[in-house]
Colleague: 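Structure in structure tokens, see below.
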Amino acid sequence: MHSQRLKNHSSVTEFILLGFSRNPRTNWILFFLFFFLYLFTVLGNGLIVTLIRVDAHLHTPMYFFLSILSLLDLSYATTTVPQMLIHLVSKNKTISYGGCVVQMYIFLTLGITETWIFAAMAYDRYIAICYPLHYGVKMSQNLCILLVVSSALCGLTCALIYTVFAMTLPYCGPNEINHFFCEIPAVLKLACADTSLNDHVDFLLGFILLLIPLSLILASYVRIFMAILKIHSMQGKIKAFSTCASHITVVTMFCIPCMVMYMRPGSEASPEDDKKLALFYNVVSAFLNPIIYSLRNKDVKSAFLKLIGMSADTQ
């Protein structure tokens, strides 16, 4: 029985990623579109990390979490987009079994970590607005590091559970994944076994890894809005709310598509809809996050202008 199961595992040694289209002209158009999106994702998130690193005014908990978010977005997109670009213009669209497992695990680790970083950022805003006089003490450097490390450990552990449950199933053919990368819902459709247990595990983990952080974020913002309503001046209210608006926007863009993807039964999933959802929280949100934060943030703008001034002076 055990040897038969191993045989089933080894029967598929690679997968074929079907991607978006079989039309070469369409694929070239998509190649240039996603290439520029990825290029600006790398530049935008890389710039935010650099600015926060070099500008002393940005050495605060809020910007520390923002730099972690930018690193996650950069890594998140890099896990899938370069391979997708190659597959768009290449006849060979295969990925090895091992490569698929590694991609799945890294992608999930980064995604799960990001949801908890969003919760940490909401808690940071809660302390900043509700307890401004105690902000420096409550949001200590040790606490910030602890929140990031615990988020990463949760990501590493839960991604392992997701991946093990998916890849211990037998895959004995066909081996064509109707997606642009090895995402669990798309891979599970190829399993030569009943995946109802996986659906239950995915729903349970989705509940823990999406609804719990979102509940913490919601609880933080209920307290924040109650505190903002007590501010007498309209200008003060707008200033307090503006520090939260960017965070609310990026959380919505990332978490809602993730909830749709991972918390519904696999039988209800449409491959084309799944690809669009994955594009949104994998590529589009990573591209938009630095724009959203930089356009709404005077500190980031001034740090950027200062950096340009420094570089201009040295030339």
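Values below: all heavy atoms of this structure, side chains included; hydrogens, waters and symmetry mates excluded.
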Colleague: Tell me the closest heavy-atom pair linking G155 and T113, and the distance in Å.
Modeller: CA-OG1, 3.7 Å
Colleague: Is the Lys NZ or Arg CZ of K138 less than 6.0 Å from the centre of Y131's six-membered ring, within 45° of the axis?
Modeller: yes
Colleague: Would the distance check show the side chain of T163 and the main-chain N or O of L160 forming a donor-acceptor pair, the cut-off being under 3.5 Å?
Modeller: no
Colleague: Can you check side chain to side chain donor-acceptor pair (under 3.5 Å) on Y38 and T78, steps first, answer last?
Modeller: CA-CA 8 Å; Y38 179 63; T78 301; 2.8 Å; yes
Colleague: So, do P290 and L47 sit near enough that their side-chain heavy atoms are less than 4.5 Å apart?
Modeller: no
Colleague: Give a yes or no on whether the backbone of H87 and the side-chain of K93 come within a donor-acceptor separation of less than 3.5 Å.
Modeller: yes
Colleague: Of all the heavy-atom pairs spanning C158 and I112, show the shortest one and how long it is.
Modeller: CB-CD1, 3.9 Å
Colleague: Quick one: does any side-chain atom of D73 pair with a main-chain N or O of T41 as donor and acceptor, under 3.5 Å?
Modeller: no
Colleague: When the aromatic ring centroids of Y221 and H247 are compared, is their separation below 6.0 Å?
Modeller: yes
Colleague: With heavy-atom distances below 4.5 Å as the criterion, would you say the side chains of F64 and V148 are in contact?
Modeller: yes
Colleague: side-chain hydrogen bond (donor to acceptor under 3.5 Å, both in side chains) with N27: which residues, sequence neighbours excluded?
Modeller: none
Colleague: State whether the side chain of Y171 and the backbone N or O of E14 hold a donor-acceptor pair below 3.5 Å, judged by distance alone.
Modeller: no
Colleague: If you apply the rule side chain to side chain donor-acceptor pair (under 3.5 Å), what do you find for D55 with Y63, and how did you get there?
Modeller: CA-CA 11 Å; D55 195 310; Y63 292 110; over 6 Å; no
Colleague: Can you tell me if CZ on F20 sees more than 12 non-hydrogen neighbours from other groups inside 6.0 Å?
Modeller: yes
Colleague: After noting the C-alpha distance and the side-chain angles of Q83 and Q103, does the key distance pass the side chain to side chain donor-acceptor pair (under 3.5 Å) rule?
Modeller: CA-CA 10 Å; Q83 179 200 58; Q103 185 183 59; 3.0 Å; yes
Colleague: Do I52 and I291 share a hydrophobic cluster (ILVMFWY, side-chain heavy atoms under 4.5 Å, transitive)?
Modeller: yes
Colleague: Could you report the tightest heavy-atom contact between C100 and V187, atom names first, then the distance?
Modeller: SG-CG2, 4.2 Å
Colleague: For K275 versus G19, what's the shortest heavy-atom pair and its separation?
Modeller: NZ-O, 2.6 Å
Colleague: Judged by modelled atom types alone, do S90 and N92 share a side-chain donor-acceptor pair under 3.5 Å?
Modeller: no
Colleague: Is there a continuous path of hydrophobic side-chain contacts, each under 4.5 Å between heavy atoms, that joins V283 to F280?
Modeller: yes
Colleague: Below 4.5 Å, heavy atoms only, C-beta onward: do L216 and Y123 meet side chain to side chain?
Modeller: no
Colleague: If you compare all heavy atoms of I177 against all heavy atoms of C182, which two are closest, and at what distance to 0.1 Å?
Modeller: CD1-SG, 3.9 Å
Colleague: Counting neighbours of CZ on F31 that are heavy atoms of other residues, nucleotides or ligands and sit closer than 6.0 Å, is the number greater than 12?
Modeller: yes
Colleague: Which atom pair, heavy atoms only, marks the closest approach of I292 to S246?
Modeller: O-OG, 3.6 Å
Colleague: Do the side chain of T79 and the main chain of S75 share a donor and acceptor less than 3.5 angstrom apart?
Modeller: yes
Colleague: Hydrophobic clustering (ILVMFWY, side-chain heavy atoms < 4.5 Å, transitive) - are F225 and I129 grouped together?
Modeller: yes
Colleague: Transitively linked via ILVMFWY side-chain contacts under 4.5 Å: L71 with L58?
Modeller: no
Colleague: Say whether I48 and V54 are linked into one hydrophobic cluster, either directly or through other cluster members, by side-chain heavy-atom distances under 4.5 angstrom.
Modeller: yes
Colleague: Please evaluate residues N178 and K189 with respect to the criterion side chain to side chain donor-acceptor pair (under 3.5 Å), reporting the C-alpha separation (whole Å), side-chain torsions for both, the decisive distance (0.1 Å), and the verdict.
Modeller: CA-CA 9 Å; N178 193 359; K189 290 177 182 177; over 6 Å; no
Colleague: Using modelled atom types and a 3.5 Å cut-off, is there a donor and acceptor pairing between side-chain atoms of H59 and backbone atoms of R53?
Modeller: yes
Colleague: Under the criterion side-chain contact (heavy atoms from CB on, under 4.5 Å), which of F181, F35, F180 is the partner of M84?
Modeller: F180
Colleague: For H57, does the NE2 atom sit with more than 12 other heavy atoms under 6.0 Å from it, leaving out its own atoms?
Modeller: no
Colleague: Between T157 and C154, is there a donor-acceptor pair closer than 3.5 Å when you use the side chain of the first and the backbone of the second?
Modeller: no
Colleague: Is there a side-chain contact between V251 and L214 in this structure, where contact means two heavy atoms from C-beta onward sitting under 4.5 Å apart?
Modeller: yes
